[in-house]
Participant: 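Below: one structure in structure tokens.
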Amino acid sequence: MDVFAIFSARIAQAMQSLFPEAGADLLARIVVEPPRDPAHGDLSTNAAMLVAKPLGKNPREIAGALVEHFRNDPDVTSVEIAGPGFINFRLANPLWHQVLRSIGEQGAAFGRSSLGGGEAVNIEYVSANPTGPMHVGHTRGAVFGDTLAELMSYSGYEVTREYYINDAGSQIDTLARSTFLRYREALGETIEIPPGFYPGDYLIPVGQALKDEFGDSLLGKPDEEVTPLVKERVLAAMLELIKADLAKLNIHHDVFFSERTLHGQGGDIESTLAWLRDKGMIYEGRLEPPKGKTPDEWEDREQTLFRATDFGDDVDRPLVKSDGSYTYFAADIAYHRNKYLRGFKHMINVLGADHSGYVKRLQAATKAVSLNEADMDVRICQLVRLLKNGEPFKMSKRSGDLVTLADVVEEVGADATRFMLMYRRNDAAMDFDFALVKEQTKDNPVFYVQYAHARAYSIFKTAARDLPELDVSPEALRAADVSLLQSAAELDLVRVLAAWPRTVTAAAIAHEPHRIAFYVHELSAAFHGFWAKGKDDPSLRFVNAEDPKLTLARLALVDAVRQVIVNGLGILGVSAPEELS
RNA sequence: GGUCUCGUAGCUCAGCUGGAUAGAGCACCGGAUUCCUAAUCCGGGGGUCAUGGGUUCGAAUCCCGUCGAGAUCACCA
């Protein structure tokens with residue numbers, strides 16, 4: 001039950017019947033939201049101001065008609081016109097009680113919606129090069145993508161979580177060569193790792209495994225025979241490494257899509273380029289060097305170009321390298337056509353800030369291959385600066401000079417990592433201070449929220465102690481007489497709970513999962529605040545041994561808070577412990 | 001030089017895709033603990049929303065310019 005959605009519909013309907021001359025487009029823009037200042041009421045609409053000008057009427061005249069319409073509505077205790085033409089509603093207590101009951105009935109489903117209507121969304125995230133373990137730079141995108149996927153799924157989309165494996169480039173040849181060195185090392189040779197090779201220790205076990213599998217039989221063989229063999233082994237090993245890293249944050253993809261499968265005769269790149277050519281989206285031409293920064297080895301030559309500018313990109317993009325092989329972008333076009341042909345009309349890609357220059361061409365590619373049928377939202381995750389007590393922080397165990405994802409999780413734990421990364425907009429750079437994240441105080445929003453959840457459990461324990469006869473089973477809580485909750489403090493808490501479905505929907509539409517983290521924090525604050533009121537005013541305590549019926553009603557409220565925190569933390573992928581140790 | 005982000009309290013950040021007197025945490029000051037977990041709560045001071053224009057009933061939010069920070073710039077991935 002979403003009171004805002006309900007009233008949004010009712011207000012739109014009222015406007016429709018009162019002012020039929022206002023078009024549907026106009027009415028769709030009506031906003032119903034809680035006013036910033038609670039003194040203004042429970043919800044507020046701009047309907048009158050919005051419609052006034054197009055209809056050539058006075059806002060207050062329109063507002064007056066709407067006020068009249070709702071004057072005798074039993075769900076509304078007051079409607080008034082305020083400011084330049086806002087209409088403020090105050091809702092009747094029974095409606096809030098109804099919200100509370102619906103949370104009890106819906107439980108984990110409270111906040112779920114059919115916003116997405118079961119439509120398929122492909123969310124591609126992480127897609128780190130399979131050349132080593134995940135480092136911190138990937139962590140933010142990984143958590144963001146995973147949380148967004150959960151949010152979209154929660155909001156009624158059919159979500160596919162996808163990882164694009166960049167396993168076709170020359171870096172993979174380098175990786176294979178680096179691995180071969182480790183193989184020779186495993187056979188007893190003293191090796192030296194040349195610059196440009198991958199120096200990380202994580203290749204040592206792969207070399208060892210090659211030795212175990214082949215003995216020294218690879219040494220004498222020609223490169224053309226050995227390289228594909230090594231490549232296959234090391235790619236598989238790296239992918240396992242990455243999956244294991246992601247699993248540490250409880251991140252699991254549905255599809256791992258290999259770039260290599262797009263290449264080759266009869267592959268998707270060939271067929272896609274043929275298709276594009278057929279549509280006239282490819283031509284042979286020359287590019288201007290970028291202004292202000294001419295690359296040293298600029299080679300002015302005619303090349304095969306994709307008409308990206310026709311789809312909003314800044315320049316047309318090359319598809320074939322000077323050596324005749326396909327560019328990365330050519331493969332990416334084919335990949336996104338593949339996605340489209342698999343049935344995805346909604347695609348979201350999560351990229352790091354270092355790929356922000358890639359956004360336009362990705363969107364251009366998506367439009368082109370779908371003939372403008374599909375939409376592509378690219379979410380950029382800005383960089384994370386690691387700090388410890390305010391000082392830049394370096395920690396390297398496995399991957400040369402980079403802090404790995406595994407390091408971070410080991411240091412602060414998966415819950416804190418996930419929550420802290422989501423407690424910030426994705427498009428703003430952030431500092432991640434280990435000392436702060438590990439601190440278990442109110443400065444740390446993770447523990448603040450988890451403590452609120454644990455506190456709900458604690459209240460139930462107290463109830464069991466003080467009122468051992470009281471039945472607090474889920475059935476009993478659902479049957480509680482919540483209309484006994486009449487104090488402002490109680491109803492204010494319900495108001496916060498009532499905002500949950502609206503918060504989820506707005507976050508899903510905007511693709512902004514950080515709003516979930518902020519909401520959960522806000523709800524926790526409201527709950528802690530109410531709890532503390534019981535200190536000054538014992539009549540507001542949850543557990544009152546003299547009044548089992550009231551206690552039961554309040555426990556239903558506590559349980560609703562607990563449930564919504566669970567739902568929110570569930571989207572965030574953060575655990576909700578029953579007690580903090 | 002082009003493009004893309006960002007600029008909000010001393011610090012870290014929200015601001016519900018244009019709404020009413022711009023919010024929270026930290027820090028600072030002052031309170032609350034024989035009482036459901038003080039891992040918490042209550043109160044106070046603190047702002048030219050970088051800046052200058054524009055759009056309109058109304059702008060932190062949208063558009064243009066300027067300043068500043070970061071990222072990126074054919075044939076890497």
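In what follows, every chain begins at residue 1, and chains take the letters A, B, ... in the order their sequences are listed.
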Participant: Check this for me: does the side-chain of Thr327(A) come within 3.5 Å of the base of A77(B) through a donor and an acceptor?
Facilitator: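 In this structure, the two groups form no donor-acceptor pair.
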Participant: Counting only heavy atoms not in Glu288(A), do more than 12 sit closer than 6.0 Å to its CD atom?
Facilitator: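 Not buried by this count: 12 neighbours or fewer within 6.0 Å.
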Participant: NA contact type, Tyr423(A), heavy-atom cut-off 4.0 Å: base, sugar-phosphate, or nothing?
Facilitator: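 If one applies the 4.0 Å heavy-atom cut-off, Tyr423(A) turns out to touch nothing in the nucleic acid.
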Participant: So Gln171(A), base contact, sugar-phosphate only, or nothing? Heavy-atom distance under 4.0 Å.
Facilitator: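 The answer is sugar-phosphate, as Gln171(A) gets under 4.0 Å only of primed atoms, P, OP1 or OP2.
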Participant: How is Ala525(A) classified with respect to the nucleic acid when contacts are heavy atoms under 4.0 Å: base, sugar-phosphate, or nothing?
Facilitator: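 Ala525(A): no heavy atom of the nucleic acid under 4.0 Å.
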Participant: Across the strands shown, which category fits Asn46(A) at heavy-atom distances under 4.0 angstrom: base, sugar-phosphate, nothing?
Facilitator: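 Base contact.
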Participant: Under 4.0 Å between a Lys/Arg side-chain N and an Asp/Glu carboxylate O for Arg307(A) and Asp316(A)?
Facilitator: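 Salt bridge absent between Arg307(A) and Asp316(A).
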Participant: At 4.0 Å (heavy atoms only), tell me whether Arg502(A) reaches a base, stays on the sugar-phosphate, or touches nothing.
Facilitator: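 Result for Arg502(A) = base.
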Participant: Have a look at Thr503(A) and say if it touches a base, only the backbone sugar-phosphate, or nothing, with a 4.0 Å heavy-atom cut-off.
Facilitator: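 Nothing: the residue Thr503(A), judged by heavy atoms under 4.0 Å, touches no strand.
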Participant: Base, sugar-phosphate alone, or nothing: which one does Arg455(A) contact when heavy atoms must sit under 4.0 Å apart?
Facilitator: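 If one applies the 4.0 Å heavy-atom cut-off, Arg455(A) turns out to touch the sugar-phosphate alone, with no base involved.
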Participant: Asp313(A): what forms a salt bridge (charged side-chain N to carboxylate O under 4.0 Å, His left out) with it, not counting sequence neighbours?
Facilitator: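 Result, salt bridge (charged side-chain N to carboxylate O under 4.0 Å, His left out) vs Asp313(A): Arg317(A).
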Participant: Determine the contact category for Lys360(A): base if any of its heavy atoms lies under 4.0 Å from a base atom, sugar-phosphate if only primed atoms, P, OP1 or OP2 are that close, otherwise nothing.
Facilitator: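 Result for Lys360(A) = sugar-phosphate.
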Participant: So, Tyr448(A) and A39(B): ring centres less than 5.5 Å apart, planes less than 30° off, yes or no?
Facilitator: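 No, Tyr448(A) does not stack on the base of A39(B), since the centre distance and plane angle fail the 5.5 Å and 30° test.
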Participant: Counting side-chain heavy atoms from C-beta on, which of U40(B), C13(B), G15(B) comes nearest to Phe518(A)?
Facilitator: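 Given the options U40(B), C13(B), G15(B), the side chain of Phe518(A) is closest to C13(B).
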Participant: Any base atoms under 4.0 Å from Asn88(A), or only sugar-phosphate, or nothing? Heavy atoms, all strands.
Facilitator: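 Base: the residue Asn88(A), judged by heavy atoms under 4.0 Å, touches a nucleobase.
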Participant: Touch check for Val543(A), heavy atoms < 4.0 angstrom, all strands: base, sugar-phosphate only, or nothing?
Facilitator: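 Base contact.
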Participant: Is the CZ atom of Arg29(A) crowded by more than 12 outside heavy atoms at less than 6.0 Å?
Facilitator: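 Counting neighbours around CZ of Arg29(A), 12 or fewer heavy atoms of other residues, nucleotides or ligands fall under 6.0 Å, so no.
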Participant: Which whole number of Å gives the distance between the C1' atom of A20(B) and that of C63(B)?
Facilitator: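 Here A20(B) and C63(B) have their C1' atoms 24 Å from each other.
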Participant: Can you find a donor-acceptor N/O pair under 3.5 angstrom joining the side chain of Asp316(A) to the base of A74(B)?
Facilitator: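 Between A74(B) and Asp316(A), which were checked side chain against base, a qualifying N/O pair under 3.5 Å is absent.
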Participant: Which whole number of Å gives the distance between the C1' atom of U8(B) and that of A59(B)?
Facilitator: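 It works out to 14 Å between them.
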Participant: May I ask you to say what Ala429(A) touches in the nucleic acid, namely base, sugar-phosphate or nothing, with a heavy-atom cut-off under 4.0 Å?
Facilitator: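 It contacts sugar-phosphate atoms only.
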Participant: Between G43(B) and C49(B), how far apart are the C1' atoms? Round to whole Å, please.
Facilitator: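 To the nearest whole Å, 26 Å.
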Participant: Count the heavy atoms of every other residue, nucleotide or ligand shown that sit under 6.0 Å from CD of Glu546(A), and state whether that count exceeds 12.
Facilitator: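 Counting other residues, nucleotides and ligands, CD of Glu546(A) stays at 12 neighbours or fewer.
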Participant: Side chain of Glu299(A) only, heavy atoms from C-beta on: which candidate in C76(B), C16(B), A74(B) is closest?
Facilitator: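 Nearest listed nucleotide: A74(B).
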Participant: With a non-hydrogen cut-off below 4.0 angstrom, is Pro84(A) in contact with a base, only sugar-phosphate, or nothing?
Facilitator: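 If one applies the 4.0 Å heavy-atom cut-off, Pro84(A) turns out to touch a base.
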Participant: Reckon Lys53(A) touches a base, only the sugar-phosphate, or nothing at all at heavy-atom distances under 4.0 Å?
Facilitator: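 Sugar-phosphate, backbone atoms only, no base.
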Participant: Using a heavy-atom cut-off of 4.0 Å across all strands, would you classify His355(A) as base, sugar-phosphate, or nothing?
Facilitator: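 Answer is base: heavy atoms of His355(A) come under 4.0 Å of a base.
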